[in-house]
Amino acid sequence: MDSVTSVLGGPGSYPISAVIIAQDDEVRISKAIQSCRLFADEVVVIDGGSKDGTVQLAESLDCRVFVNPWPGYAKQREFGVERAVHDWVFLIDTDEVVSDELAQDILQRKPALTDRAVAYSLYRIGDFLGRWLDKGEYLVRLYNRKEYGIRNSLVHEMPEVEEERTVRLNGILWHQGFRSINDHVARFNKYTDLEAQSAFASGKPFKLRNLLLRPPARFLQKYFLHGLFKKGISGFAVSVFWVMYEFMVGFKHYELTSSSKLARHNAQGQAEKEKKGERSYAVQ
């Protein structure tokens, strides 16, 4: 790839497109957009059909805005990546904010983005009930679209990059995902739907032992291993919600599996009845 000139990074830098998928989030999207300004040469916002002022706000902040009826997470993310001007893409959600340290690190790395096979991961930390959680996760968010595509999944849609090809960035991506308990439950319901559908579609069999073992194991992982016991009621609540998440995924997977078996059984029974009816008619 030839060296190019970036508006913000100076001569010899490789330009970056920040891509945000949005839906009715005028309250928080401006922080996400502004946090990318230091390193992003453009911000592309893909709106799924907001009924609030999300689109107008993004346009007022000089973003390139496209409205695309919601096709699912992976397809919407890919839709945005395809409309980016630059090949180096940074993915961010409306409820996320790039820390100053992370923004500076990305800016300083822009002149060295010569190897498009290298992708960059960052550390994301979430909040719950007004407290930041210590334990986060590394996610690939900066990559070259000519080298990698978005994983085609119903949920957890991210660039399909092997871990050994990633470099970790300095700084934090703050995930301000908590709105209220009601909202959290509603989103868990949606995400567990997608998780169960994904497992069923991939042919993954339902296993009772997973339903029995995964929820308590998840609680132990979150509350003790990840140290959420240090966060008081917030940490306890997060751990319990993860137990609920695992139960809901398991039961929904079972529901899909049993419904499919029942449908096949009924179809076979109907076919047998029709065959018997044909034979009986032929004899008469």
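Along the sequence shown, residues carry numbers from 1.
Interatomic distance, Ser239 OG to Met244 CE, rounded to the nearest 0.5 Å: 13.0 Å. Atom CZ of Arg141 sits about 14.0 Å away from atom OG1 of Thr166, to the nearest 0.5 Å. Here the CZ atom belonging to Phe247 is positioned 13.5 Å from the OG1 atom belonging to Thr192, to the nearest 0.5 angstrom. Residue Asp87 holds its CG atom at 12.0 Å from CD1 of Ile16, rounded to the nearest 0.5 Å. Considering OG of Ser198 and CG of Leu256, their distance stands at 11.0 Å, rounded to 0.5 Å. Note that CZ of Arg214 is 4.5 Å distant from CD of Glu246, once rounded to the nearest 0.5 Å.
In this structure, the side chains of Leu194 and Gln197 come closer than 4.5 Å at one or more pairs of heavy atoms. Considering only heavy atoms from C-beta on, Gln76 stays 4.5 Å or farther from Gln23 through its side chain. Residues Cys63 and Ile20 fail the side-chain proximity criterion, which asks for heavy atoms closer than 4.5 Å. Contact of the Tyr120 side chain with the Arg109 side chain is registered, since non-hydrogen atoms from C-beta on lie closer than 4.5 Å. Side-chain contact between Glu195 and Tyr245 is present, with at least one heavy-atom pair separated by less than 4.5 Å. Side-chain contact between Phe90 and Val43: absent, with no pair of heavy atoms (C-beta onward) separated by less than 4.5 Å. Counting heavy atoms from C-beta outward, Lys75 and Glu78 have side chains that stay 4.5 Å or more apart. A 4.5 Å side-chain heavy-atom check between Arg77 and Met158 finds at least one atom pair inside the cut-off.
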Sequence neighbours left out, cut at 3.5 Å: what donor-acceptor pairs do the side chains of residues 228-238 make with other protein atoms?
from, atom 1, to, atom 2, distance (Å)
Lys231, NZ, Trp132, O, 3.0
Lys231, NZ, Asp134, OD1, 3.2
Ser234, OG, Phe128, O, 3.4

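The minimum heavy-atom distance linking Thr94 with Ile21 is given by the pair CG2-O, 3.6 Å. In terms of heavy atoms, Ser35 sits closest to Ala103 at O-CB, 4.2 Å. Looking at every heavy atom in both residues, Val44 comes nearest to Ala84 through CG2-CA, 4.2 Å. Closest non-hydrogen pair, Trp88 versus Leu113, comes out as NE1-O, 3.4 Å. For the residue pair Ser258 and Glu255, the shortest heavy atom distance occurs at OG-O, 3.1 Å. When all heavy atoms of Ala119 and Val161 are compared, the closest pair comes out as CB-CG1, 3.8 Å.
Under the 6.0 Å distance and 45° angle rule, Arg168 counts as a cation-pi partner of Tyr138. Taking the ring axis of Phe66 as reference, the NZ or CZ atom of Arg64 does not stay both within 45° of it and closer than 6.0 Å to the ring centre.
At least one donor-acceptor pair closer than 3.5 Å links the side chain of Thr54 to the backbone N or O of Asp25. Checked by atom type and distance alone, the side chain of Tyr254 never pairs as donor or acceptor with a backbone atom of Phe206 at under 3.5 Å.
Glu26 meets the salt bridge (charged side-chain N to carboxylate O under 4.0 Å, His left out) test with no other residue; sequence neighbours excluded.
Follow the hydrophobic side-chain contacts under 4.5 Å out from Val27 and you never reach Ile92; the two are in separate clusters. Under the 4.5 Å side-chain heavy-atom criterion for Ile, Leu, Val, Met, Phe, Trp and Tyr, Val118 and Tyr14 are members of the same hydrophobic cluster. A chain of hydrophobic side-chain contacts below 4.5 Å, direct or via other Ile, Leu, Val, Met, Phe, Trp or Tyr residues, connects Leu129 to Leu133. Cluster annotation: Val45 and Val97 are assigned to distinct hydrophobic clusters (Ile/Leu/Val/Met/Phe/Trp/Tyr, side-chain heavy-atom contacts under 4.5 Å, transitive). If you chain together hydrophobic residues whose side chains sit under 4.5 Å apart, Leu122 and Ile125 never meet in one group.
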Leu173 vs Leu139, test: side-chain contact (heavy atoms from CB on, under 4.5 Å). Steps then yes/no. CA-CA 10 Å; Leu173 182 69; Leu139 301 170; 5.8 Å; no
Tell me, with the steps shown, if Asp95 and His175 meet side-chain contact (heavy atoms from CB on, under 4.5 Å). CA-CA 6 Å; Asp95 58 3; His175 181 211; 3.2 Å; yes
Dump the intermediate steps for side-chain contact (heavy atoms from CB on, under 4.5 Å) on Phe241 and Ile181, then the final yes or no. CA-CA 10 Å; Phe241 268 114; Ile181 295 296; 4.1 Å; yes
One pair to check against side-chain contact (heavy atoms from CB on, under 4.5 Å): Val98 and Phe39. What are the steps and the verdict? CA-CA 10 Å; Val98 178; Phe39 62 86; 4.1 Å; yes
Between Arg28 and Asp93, is the salt bridge (Lys or Arg N to Asp or Glu O under 4.0 Å) condition met? List the steps. CA-CA 10 Å; Arg28 293 176 300 179; Asp93 292 334; over 6 Å; no
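Within a 6.0 Å radius of CZ in Arg145, more than 12 heavy atoms belonging to other residues, nucleotides or ligands are found. The environment of Phe188 atom CZ is dense: over 12 non-hydrogen atoms of other residues, nucleotides or ligands sit within 6.0 angstrom. Other residues, nucleotides and ligands contribute only 12 or fewer heavy atoms inside 6.0 Å of the CG atom of Asp100.
With respect to Lys51 and Asp24, no salt bridge is recorded, no charged nitrogen being found less than 4.0 Å from a carboxylate O.
Classification of the Trp70-Tyr73 ring pair by plane angle, with boundaries at 30° and 60°, yields perpendicular.
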